[in-house]
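Proteins get letters first, then strands, A, B, ... in listed order; numbering begins at 1 in each. Here the structure is a predicted model, which is why all the values come from computation and not from measurement.
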Amino acid sequence: MLQHLTHEIGTPILVLLYLLRLIVLLRRRPARDIASNPKGELWRGTVNALITIVAPWKLASTRKHWTRYVEFAVFHLGVFANIALSFVLAYAPGLLSVSVRRLVLVVLAASLVAGGLRLYRRANRPEMRVISSPDDYIALAMVLLFLLTGTMSLLGWGPGTIAYFVIAGLFLVYEPFSKIRHYIYYPFARYFFGATFARRGVID
Amino acid sequence: MPSSEETATALRVLAQHLTRQLEASMHACTHCGLCNDACHYYLSIGEPDLVPTYKADRLRNVWKRNYDWLGRIWPWYVGARQLDEEVIRELADTAWGSCTMCGRCVFNCPMGVDTRLIISTARAMLTAIGRIPEGLQKAIATHLEARNNMGVSDSDFRDTIEWLDEQLCDELEVEGPVIPLDKQGARVMYLVNAREVKFSPLTLMAAAKIMFVAGESWTMSTDYWDVTNYAFFSGDDVAARQIGLWALEAATKLGVQEVWMSECGHGYNALRWEAENWLGQVFPFRVCGFVEPMAEYIRDGRITLDPTRNSVPVTYHDPCNQGRKGGILEEPRYILSKAVIDFREMLPNRQNSYCCGGGGGMLAMTEFSQRRIAAAKIKADQIRATEAKIVATSCHNCLDQLTEVSRKYKLGAPVKNLCELVADAIIWPPKL
């Protein structure tokens, strides 16, 4: 019951809020970029910019801090797995065979470690503290709690499952307001970056 | 305290600049800190408040207070701030004094956040309320008044060109003019940085020599000849547009097919990539930085070079406005491979080159001189590591900054524009 409520109320709210966000973004005028004789091909640059997420060698920052990239990948993989888990537990629990359960547990545990490292770094490094607002800490703490309760739920602990779906519900509603919304803007920001610098022949 | 009128003006400018691109950059930042190492200020000085995200947040926090859902109702939670005197002071110190808008952080952001765009918006807001450094404002005002940023009068310009022409005729042992003025029907109109006319004629002489030897059909306009556009740095779009318009009018009057600019990073970015946006029309001519035709001349055999004339080790500094933000990355390397014997790359280079610290109009803002030089430590270390005896670049602001950096950090390497090295290596008269 709770799991169904979480998704059937939380998900439409999330979708509606994100739609609103996108409407606000798309109602803004696009910056004019009409310089003649572009030096590069727009499609190539934008595709390139969009796939950077799976090509860390293309970015000097992720080349240099490759452990941070691994951490990013593990953390986000865990978050996606945890979100998927909430749907599977609610609507298709039969999909969770023993081996699938084990695999998801490993992913969630690794993601918890990666998220913990992120929180530690944010709280401990002066250059991270100066750029952090309460939202930066609470959003991350909330994701960690979500991962933790997901893990407990997978381990079959009853109160953990209840907590998991309560957190999932809160998460769905909180997300569009918090920094967690960044992924909605990711394709736009990368596209704009790619389009601008592809025309100039800087990226291809 | 800013008056309510000032606050309203600044916020109105923010609203005007709030394009889809800017809005996406405001939202997309996750404060991950991956851009920290991209900034030459942070790498050289090491203060936490010099990381790019912190700098962008000076404006992002104001934006949150006015546009973000949570920022409007619960500002403390997301760091949103009212545009008060303290915020304006911080914004001014950041936007003018600790960011050259070099764009290196933009290229290192996994999300695609355009911090350069955020800072230029902050500058536009500050300019609109008169919180612009005096030196920068003077350069723009002089440009608008005299049609060049050094206040060179028409007669001084003509006298200087005449004198340079005589020098070149003597050197090349030819009949003039080597520097044609107002030649109707010429193929190319050439724009120079005003400092070439006032202080540093060697660069203009070198470019003129190259074009003469290549047999180019070119001219300079006495109506308008300055490539610089400091309004590009201040975010004053009206002034920037006017300056772009003068170039368009002069080129149209002469009927040229191409407009070439002397080696000037921001001038290139402004006229090549931004001016058509400001003017809302496409130019009826091709716009080039002089580096591009120089490379074409060498490739096409229109000039022949003897690299032994530049025999000492040379390194190249990529001007941000021309390289990372302008797309001229390979041409300088091709030129140097033909014009000097020992070319040594700095690491990193091209799109990932560090700013020299003189970008963003920084040289016109004397109040930030100390920080400007301190922020160049990473560039000085890069140059030192190459053991080069000459630093080549392709921008007058970079040239000035690197000359000062070379002196302050005791690098012992003079700085030259590319065309000077090319002109030195030209074989003239051609061997039969």
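- For B:Cys29, no part lies near chain A; criterion is any non-hydrogen pair under 4.5 Å.
- Side-chain contact between B:Trp273 and A:Lys39: present, with at least one pair of heavy atoms (C-beta onward) separated by less than 4.5 Å.
- Only the side chain of B:Tyr67 comes within contact range of chain A, judged by heavy atoms closer than 4.5 Å.
- The shortest heavy-atom contact between A:Met128 and B:Gly33 is SD-CA, 3.9 Å.
- Both the backbone and the side chain of B:Trp76 come within less than 4.5 Å of a heavy atom in chain A.
- Contact count against chain B (heavy-atom pairs under 4.5 Å) is highest for A:Pro134 among A:Gly201, A:Pro134, A:Gly40.
- Within the 4.5 angstrom heavy-atom criterion, no atom of A:Arg118 approaches chain B.
- Residues of residues 100-117 of chain A lying under 4.5 angstrom from chain B, judged on non-hydrogen atoms, do not exist.
- With contacts defined as side-chain heavy-atom distances shorter than 4.5 Å, the pair A:Val130/B:Asp49 does not qualify.
- Side-chain contact between B:Gln21 and A:Thr196: absent, with no pair of heavy atoms (C-beta onward) separated by less than 4.5 Å.
- Looking at B:Ile328, the atoms closer than 4.5 Å to chain A (heavy atoms on both sides) sit in the backbone and in the side chain alike.
- Proximity to chain B is limited to the side chain of A:Asp136, based on heavy atoms less than 4.5 angstrom apart.
- Using a 4.5 Å cut-off between heavy atoms, B:Ala28 touches chain A through backbone and side chain atoms alike.
- Only the side chain of B:Glu274 comes within contact range of chain A, with heavy atoms under 4.5 Å apart.
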Query raised in the report: B:His27 and A:Ile184: side-chain contact (heavy atoms from CB on, under 4.5 Å), yes or no, with the steps?
Result: CA-CA 9 Å; B:His27 283 286; A:Ile184 286 294; over 6 Å; no

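- Note: B:Leu18 CG to A:Arg29 CZ = 9.0 Å, rounded to the nearest 0.5 Å.
- For chain A, no part of B:Asn61 is nearby; none of its heavy atoms comes within less than 4.5 Å.
- Both the backbone and the side chain of A:Ser36 come within contact range of chain B, judged by heavy atoms closer than 4.5 Å.
- B:Glu330 does not touch chain A: none of its heavy atoms, backbone or side chain, sits under 4.5 Å away.
- Taking 4.5 Å as the limit, every side-chain heavy atom of A:Arg129 sits out of range of all side-chain heavy atoms of B:Pro48.
- Only the side chain of B:Arg116 comes within contact range of chain A, with heavy atoms under 4.5 Å apart.
- The candidate with the highest count of non-hydrogen atom pairs below 4.5 Å against chain B, out of A:Arg63, A:Lys58, A:Lys64, is A:Lys64.
- Contact record, B:Glu23 with A:Leu25: CG-CD1, 3.5 Å, taken as the closest heavy-atom pair.
- Interface remark: of the candidates A:Lys179, A:Arg181, A:Arg27, A:Arg181 forms the most heavy-atom pairs closer than 4.5 Å to chain B.
- The minimum heavy-atom distance linking A:Arg68 with B:Leu34 is given by the pair NH2-N, 3.9 Å.
- With a threshold of 4.5 angstrom between heavy atoms, B:Arg350 does not approach chain A through any atom at all.
- Contact residues of residues 14-22 of chain A toward chain B are A:Leu17, A:Leu20, A:Arg21 (heavy-atom distance under 4.5 Å).
- With a 4.5 Å cut-off on non-hydrogen atoms, B:Asn277 touches chain A through its backbone and its side chain both.
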